[in-house]
Amino acid sequence: MTRRGRLWVLLAGGAGLAALLVAACLRLPDFGGARHPYGDRAVRASLARHTANTISSVNFDQRAFDTLGEMTILFSAVLGCVVLLRQTRDERRARPEPAEVARPVRRYALVVLPVALLSGLYVVAHGQLSPGGGFQGGVVAATALHLLYLGADYGALERVRPIGAYEVGDALAASAYLVTGLAGLVGGTAFLANTLLPYGTFNTLSSGGTVPLLNAAIGMEVACAVVILLARFLDQAVEIEEADGT
């Protein structure tokens with residue numbers, strides 16, 4: 001296909017997408033209006049399943065299948081980076097020398113690290129109750145580990161970051177999400193339907209049915225994926241160099 005042909009295909013696709021977006025926006029409630037049919041239905045469904053955080057109810061119950069797609073995108077992106085950033089034959093691994101770290105930076109990083117890690121785990125565990133959830137908490141927990149890189153050295157980070165274990169954790173978390181969905185089919189309902197577990201007591205950790213399980217699976221998958229992703233980029237920047245030493 002010629003460059004001109006590709007341009008026309010792009011313009012046609014963009015025009016079609018723009019027409020669909022305009023048509024959809026014309027049916028939206030007025031800005032600042034009191035009528036929000038989708039929001040009202042989402043809140044009712046959330047309360048019916050004893051999920052205090054409506055956002056988590058939407059993500060892991062009402063549209064849990066869409067969240068599966070988002071998790072797959074992250075999983076695929078990390079897999080692609082692992083393949084592209086792998087060590088090639090003309091590269092070698094050189095151990096980095098520990099760098100001098102200013103005392104205030106070291107002190108701050110080592111003090112904040114456990115606080116940030118616990119905060120990430122808290123956000124994941126309470127996703128069905130308060131703002132946050134697996135996506136946000138997973139990122140916080142993963143980046144908290146990298147305060148060791150700032151406050152100590154790269155070797156300290158590597159000791160708490162065995163990549164093989166995190167790769168297994170990433171795969172297990174993604175599989176756990178799928179297995180939870182398939183369990184609904186085995187139980188005679190729909191894929192990822194929130195019908196497997198009792199809904200529990202509203203506004204407690206054991207509420208929401210399968211929402212806490214899916215939320216925890218996403219939290220583990222995101223945390224492991226971010227650790228793997230940052231590890232590959234850090235390896236390229238810190239350890240891996242050309243065979244000739246450049």
Side-chain angles (χ1 to χ4, degrees), residues 51-85 105 108-154 156-178 180-181 192 205 208 210-238:
T51 308
N53 183 9
T54 303
I55 303 300
S56 289
S57 177
V58 172
N59 289 338
F60 303 110
D61 184 359
Q62 301 172 43
R63 66 170 195 88
F65 189 79
D66 294 342
T67 302
L68 173 62
E70 296 170 4
M71 179 187 70
T72 304
I73 291 172
L74 176 60
F75 187 89
S76 302
V78 172
L79 180 60
C81 285
V82 169
V83 173
L84 291 174
L85 298 178
V105 175
Y108 174 80
L110 297 182
V111 169
V112 172
L113 191 155
V115 177
L117 183 59
L118 288 175
S119 298
L121 297 177
Y122 179 91
V123 170
V124 173
H126 291 76
Q128 70 275 16
L129 304 179
S130 57
F135 286 102
Q136 299 88 337
V139 172
V140 173
T143 52
L145 295 178
H146 291 79
L147 289 172
L148 270 178
Y149 178 52
L150 300 178
D153 57 41
Y154 193 64
L157 173 62
E158 285 187 312
R159 286 191 289 272
V160 300
R161 192 205 59 185
I163 296 302
Y166 283 95
E167 289 174 342
V168 172
D170 192 6
L172 287 177
S175 300
Y177 197 100
L178 286 171
T180 305
L192 288 172
L205 284 176
T210 58
V211 170
L213 296 181
L214 297 178
N215 182 57
I218 288 293
M220 181 177 177
E221 198 277 332
V222 170
C224 292
V226 172
V227 168
I228 296 169
L229 188 64
L230 292 177
R232 296 305 177 185
F233 282 103
L234 283 174
D235 282 349
Q236 288 288 329
V238 177

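Each residue takes its place number in the sequence, starting with 1.
- With contacts defined as side-chain heavy-atom distances shorter than 4.5 Å, the pair Leu85/Asp235 does not qualify.
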Side chain to side chain contact (heavy atoms under 4.5 Å, CB included) evaluation trace for Leu234 with Leu157: CA-CA 11 Å; Leu234 283 174; Leu157 173 62; 3.9 Å; yes
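- A side-chain donor-acceptor contact under 3.5 Å links Thr67 to the backbone of Asn59.
- Residues satisfying the ring-ring contact (aromatic ring centres under 6.0 Å, His included) criterion with Phe135, sequence neighbours excluded, are absent altogether.
- Residues Leu117 and Ala144 approach most closely at N-CB, 3.6 Å, considering heavy atoms.
- We find the CD1-OG distance between Ile55 and Ser130 to be 12.0 Å, quoted to the nearest 0.5 Å.
- With rounding to the nearest 0.5 angstrom, the CD atom of Gln62 is 11.0 Å from the OG atom of Ser56.
- Of the inter-residue distances, the one linking Thr143 atom OG1 with Leu147 atom CG reads 7.0 Å to the nearest 0.5 angstrom.
- Listed by chain and number, the residues in a side-chain hydrogen bond (donor to acceptor under 3.5 Å, both in side chains) with Gln136 amount to none (sequence neighbours excluded).
- Counting heavy atoms from C-beta on, the side chains of Leu214 and Leu192 come closer than 4.5 Å.
- One finds the CG atom of Leu113 at 10.0 Å from the CG atom of Leu150 (value rounded to the nearest 0.5 Å).
- Judged purely by atom type and a 3.5 angstrom limit, Asn53 uses its side chain to pair as donor or acceptor with the backbone of Gly127.
- In this structure Thr210 satisfies the side-chain hydrogen bond (donor to acceptor under 3.5 Å, both in side chains) test together with Asn194, sequence neighbours excluded.
- For the 3.5 Å distance criterion, the side chains of Asn215 and Tyr177 fail to qualify, holding no donor opposite an acceptor.
- Phe75 contributes atom CZ, which lies 6.0 Å from atom CG of Leu79 (distance to the nearest 0.5 angstrom).
- A ring-ring contact (aromatic ring centres under 6.0 Å, His included) check over residues 218-238, counting only residues at least two apart or in different chains, returns nothing.
- Asp61 meets the salt bridge (Lys or Arg N to Asp or Glu O under 4.0 Å) test with Arg49; sequence neighbours excluded.
- In this structure, Leu74 and Glu70 have side chains that are not in contact, with every pair of non-hydrogen atoms separated by 4.5 Å or more.
- Residues satisfying the ring-ring contact (aromatic ring centres under 6.0 Å, His included) criterion with His126, sequence neighbours excluded, are Tyr122.
- Within the 4.5 Å cutoff, side-chain heavy atoms of Leu178 are placed close to those of Leu68.
- Atom CG of Leu172 sits about 5.5 Å away from atom CE of Met220, to the nearest 0.5 Å.
- Using modelled atom types, one finds a donor on one side chain and an acceptor on the other under 3.5 Å when comparing Arg161 with Tyr154.
- At least one donor-acceptor pair closer than 3.5 Å links the side chain of Gln128 to the backbone N or O of Leu205.
- A pairwise comparison of heavy atoms in Cys224 and Gly169 identifies SG-C, 3.9 Å as the closest pair.
- Contact between Ala217 and Ala176 at its shortest, heavy atoms only, is CB-CB, 4.4 Å.
- Two residues are said to be in side-chain contact when any heavy atoms from C-beta on lie closer than 4.5 Å; Leu148 and Leu110 meet this criterion.
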